[in-house]
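Taking it in order: structure first as structure tokens, then the write-up.
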Protein chains: 2
Amino acid sequence: MRATIKDVAKLAGVSPSTVTRVIQNSSAISQKTKDLVRKAMADLNYHPNLNARSLVSSYTQVIGLVLPEDSDVFYQNPFFPTALRGISQVAADHNYAIQISTGKNEEQRLEAISQMVYGKRVDGLIFLYSKPDDPLVQLAIQHKFPFLILGKADSPFISLVDNDNIQAGFEATNYFINKGYKNIAFVAGNKELVVSQDRYSGYKNALKSHNIPLDENKVKFVSGFLLEDSSYKISKKLLKQEIDAIVTTDTMVAEGIVKYLNEVGTKLPIISFDSVKPKLDIEAYVDVHAIKLGRVAFNTLHQIISDNKEDKQVCYRRVIPHTITEL
Amino acid sequence: MRATIKDVAKLAGVSPSTVTRVIQNSSAISQKTKDLVRKAMADLNYHPNLNARSLVSSYTQVIGLVLPEDSDVFYQNPFFPTALRGISQVAADHNYAIQISTGKNEEQRLEAISQMVYGKRVDGLIFLYSKPDDPLVQLAIQHKFPFLILGKADSPFISLVDNDNIQAGFEATNYFINKGYKNIAFVAGNKELVVSQDRYSGYKNALKSHNIPLDENKVKFVSGFLLEDSSYKISKKLLKQEIDAIVTTDTMVAEGIVKYLNEVGTKLPIISFDSVKPKLDIEAYVDVHAIKLGRVAFNTLHQIISDNKEDKQVCYRRVIPHTITEL
DNA sequence: CTGAAAGCGCTTACAG
DNA sequence: CTGAAAGCGCTTACAG
């Protein structure tokens with residue numbers, strides 16, 4: 001049988017409450033007692049039952065990661081594993097575990113989050129996506145449950161960690177303008193996503209600031225399960241125009257275009273956004289620093305959890321700088 | 001305050017034990033009582049405290065995923081997110097949550113797993129990697145804790161779910177032999193990995209069965225943090241020989257070779273192994289069906305957990321078929 | 001500096 | 001078909 005706190009107490013000749021205090025490294029306990037208890041714990045290979053602890057102390061040392069609906073787009077994008085890696089690195093340092101949401105459809109996902117929140121299985125949530133009026137976010141808000149969004153939020157009172165995508169779109173476009181290109185196309189992913197819109201705003205700002213007129217025929221938004229295929233398809237139409245360079249918001253989008261260009265035997269300077277160095281023959285990419293996003297996300301959530309204990313309601317908004325890397 | 005089982009009991013006019021039985025949908029309870037209790041639960045928005053439940057019933061409805069040491073290679077390979085997706089799909093159907101191990105080094109990782117196992121936070125573990133004499137696997141074995149390896153295991157008494165990599169290497173090589181190629185090179189990742197060895201065995205078998213002599217100069221193993229770079233580097237040496245086609249064990253390995261070939265302006269038929277359609281201009285790939293691997297892994301672990309409750313010790317070994325897809 | 005008591009929110013025999 | 005009692009393994013005031 002596994003040793004319990006009582007066994008440790010008995011072996012050390014103290015009370016269970018004293019053992020708890022030793023585990024908490026309470027300053028009220030004498031060094032002598034601490035040594036005694038620690039020896040007993042080691043001898044018995046004692047490990048506390050975390051369910052019992054969570055039941056009474058109502059903290060879990062676990063955070064929940066909320067993923068979007070099961071889809072190729074999300075799982076094949078290196079953003080997810082890279083951000084996870086960042087979160088996981090810092091979580092480990094703080095002795096936190098990570099639980100991830102499961103669920104194929106919204107119903108299952110809501111159920112999974114409910115269990116985490118109501119079931120007291122996690123201390124806080126990080127949403128790895130953002131969509132307007134998400135019922136899962138609503139749940140967290142209603143219950144004043146600590147959470148944060150890795151990305152954009154609709155309400156200004158939601159904590160988040162994100163890149164400055166407007167600025168990034170601006171710089172990506174300037175990268176080409178400064179090289180003397182004038183006919184710069186812009187191809188983004190799903191138009192509904194705030195991230196596409198923001199990068200598009202940056203693109204427009206850049207043109208404006210250099211007095212280059214916006215030509216909407218050079219702007220495309222693609223969507224669908226396989227972004228490569230969608231962007232491949234629009235390439236033909238797009239490239240009927242005179243184009244010197246292309247700003248894309250995503251390596252998957254860039255992929256489709258490159259594929260088309262290769263087939264027709266042309267080459268054009270392309271810049272894309274990514275979390276890892278793209279395995280694609282393009283000119284440059286905007287590194288969104290997903291590891292850093294993940295690390296800061298954990299630290300911020302950790303802060304929110306502490307604040308929440310003290311009934312403080314602070315809204316954090318952290319911007320992670322991007323960098324443009326030439327390939 | 002959140003409603004507890006007592007609140008539900010009071011509102012429904014029954015005892016807490018009856019509420020428990022209704023939740024368990026026990027056949028001993030009358031339909032009338034069930035309806036009554038369910039109404040009370042709904043009215044109070046009751047959700048059980050899972051820590052309390054786990055404390056007394058000693059099951060958690062959570063499984064743990066054990067990741068290897070934090071490294072680019074693992075997180076950038078689409079195998080991880082794809083297998084996770086499979087696991088998560090089935091887990092959701094069974095109302096299981098997923099906890100993933102954190103930790104940058106072996107010490108932290110061992111600590112994280114200890115907390116899962118000793119702390120009673122999960123019912124079983126899936127290892128998403130396999131390495132000889134892994135101390136984390138040892139821990140699970142010693143405590144007779146339900147677990148399984150997604151990949152190869154050293155001991156014959158460990159349950160696992162895997163592809164038949166020898167057969168896959170055999171077929172990949174035959175794919176080229178059947179096209180009439182004789183000078184077929186083989187480039188694998190880390191030589192220490194069982195998966196590299198197995199696919200190599202398959203390669204040798206295929207040559208042998210067609211009476212093609214094995215030329216060890218045409219066989220390379222690469223390793224390092226960035227497999228693309230390593231394989232890129234060995235390409236020059238490899239291609240000094242007469243080579244008709246190349247079998248690689250990994251898209252990352254294939255990438256480096258393709259990069260070299262592009263630079264020198266050559267093209268060669270290449271086959272690789274992957275979990276998703278490679279975004280690379282190669283001839284074909286062996287799809288290891290990582291989603292299926294994940295799905296079967298969860299189901300098998302689920303079975304092991306049940307067996308364990310009944311003190312059954314069964315060792316499962318499931319093979320997931322691969323397929324060769326031309327691009 | 002330490003201990004005895006109460007309790008967290010459930011479930012599990014036991015009893016009827 | 002249902003309830004009262006005991007207990008899972010901790011921690012938290014309270015008391016000294």
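In this structure, Asn51(A) atom CG and dG9(C) atom C1' are separated by 12 Å, rounded to whole Å. The separation between Lys120(B) atom NZ and dG9(D) atom P is 8 Å, rounded to whole Å. The distance between atom CG of Leu50(A) and atom C1' of dG9(D), rounded to the nearest whole Å, is 11 Å. Here the P atom of nucleotide dT11(C) and the CD atom of Gln61(B) are 12 Å apart, to the nearest Å. One interatomic measurement links the two molecules: CZ of Arg121(A) to C1' of dC10(C), which rounds to 12 Å at whole-angstrom precision. Leu55(A) has its CG atom 4 Å from the C1' atom of dC8(C), to the nearest Å.
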Could you run down the sub-3.5 Å N/O contacts of the protein with nucleotides 12-16 of chain C?
| residue | atom | partner | partner atom | Å |
| --- | --- | --- | --- | --- |
| dT12(C) | OP2 | Gln24(B) | NE2 | 3.4 |
| dA13(C) | N6 | Arg21(B) | NH2 | 2.9 |

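With sequence neighbours left out, the side chain to side chain contact (heavy atoms under 4.5 Å, CB included) criterion links Arg295(B) to Gln89(B), Val90(B), Ile291(B). Partners of Lys39(B) according to the salt bridge (charged side-chain N to carboxylate O under 4.0 Å, His left out) rule, which considers only residues two or more places apart in sequence or in another chain, are Asp43(B).
Contact annotation for Val19(B): no contact, since no heavy-atom pair falls under 4.0 Å across all strands.
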Intermediate values then yes/no, ring pair (Phe, Tyr, Trp, His ring centres under 6.0 Å), Phe74(A) and Tyr129(A): CA-CA 9 Å; Phe74(A) 181 74; Tyr129(A) 65 96; 7.7 Å; no
CA sep, side-chain torsions, deciding dist, call: Thr18(A), Ser15(A), side-chain hydrogen bond (donor to acceptor under 3.5 Å, both in side chains): CA-CA 5 Å; Thr18(A) 298; Ser15(A) 74; 3.2 Å; yes
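The side chain of Ile5(A) lies closest to dT11(D) when the candidates are dC10(C), dT11(D), dG3(D). Side-chain proximity of Ser15(B) to the nucleotides dC10(C), dG9(D), dG3(D) is greatest for dG3(D).
Remark: Lys120(B) is not positioned above the aromatic ring of Tyr59(B), lacking an NZ or CZ atom under 6.0 angstrom from the ring centre and at most 45 degrees off the axis.
Using a 4.0 Å cut-off, some side-chain N or O of Ser30(A) falls inside it from OP1 or OP2 of dT2(C).
Here the closest non-hydrogen pair linking Thr33(B) and Ser30(B) is OG1-OG, 2.8 Å.
Side-chain atoms of Thr82(A) come within 3.5 Å of backbone N or O of Pro78(A) as a donor-acceptor pair. Not one N or O on the side chain of Glu111(B) forms a donor-acceptor pair closer than 3.5 Å with the backbone of Glu107(B).
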Pair assignment for DNA chain D - dot-bracket with | for other-strand partners, Watson-Crick or G-U under 3.5 Å: |||.||||||||.|||
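Within residues 32-49 of chain B, the residues that place at least one heavy atom under 4.0 Å from DNA chain D are, in residue-number order, Thr33(B).
Looking at Asp93(A) and Lys104(B), a side-chain N of the basic residue comes within less than 4.0 Å of a carboxylate O on the acidic one, giving a salt bridge.
Screening Asp307(A), Asn299(A), Thr300(A) for a side chain to side chain donor-acceptor pair (under 3.5 Å) involving Gln303(A) leaves a single residue, Asp307(A).
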List the atom pairs, with distances to 0.1 Å, where a side-chain N or O of residues 138-152 of chain B and a protein N or O form a donor-acceptor pair under 3.5 Å, not counting sequence neighbours.
| residue | atom | partner | partner atom | Å |
| --- | --- | --- | --- | --- |
| His143(B) | NE2 | Tyr118(B) | OH | 2.8 |
| Lys152(B) | NZ | Asp198(B) | OD2 | 3.0 |

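If Lys6(A) and Gly13(B) are placed on DNA chain D by their nearest nucleotide, the residue sitting closer to the 5' end is Gly13(B).
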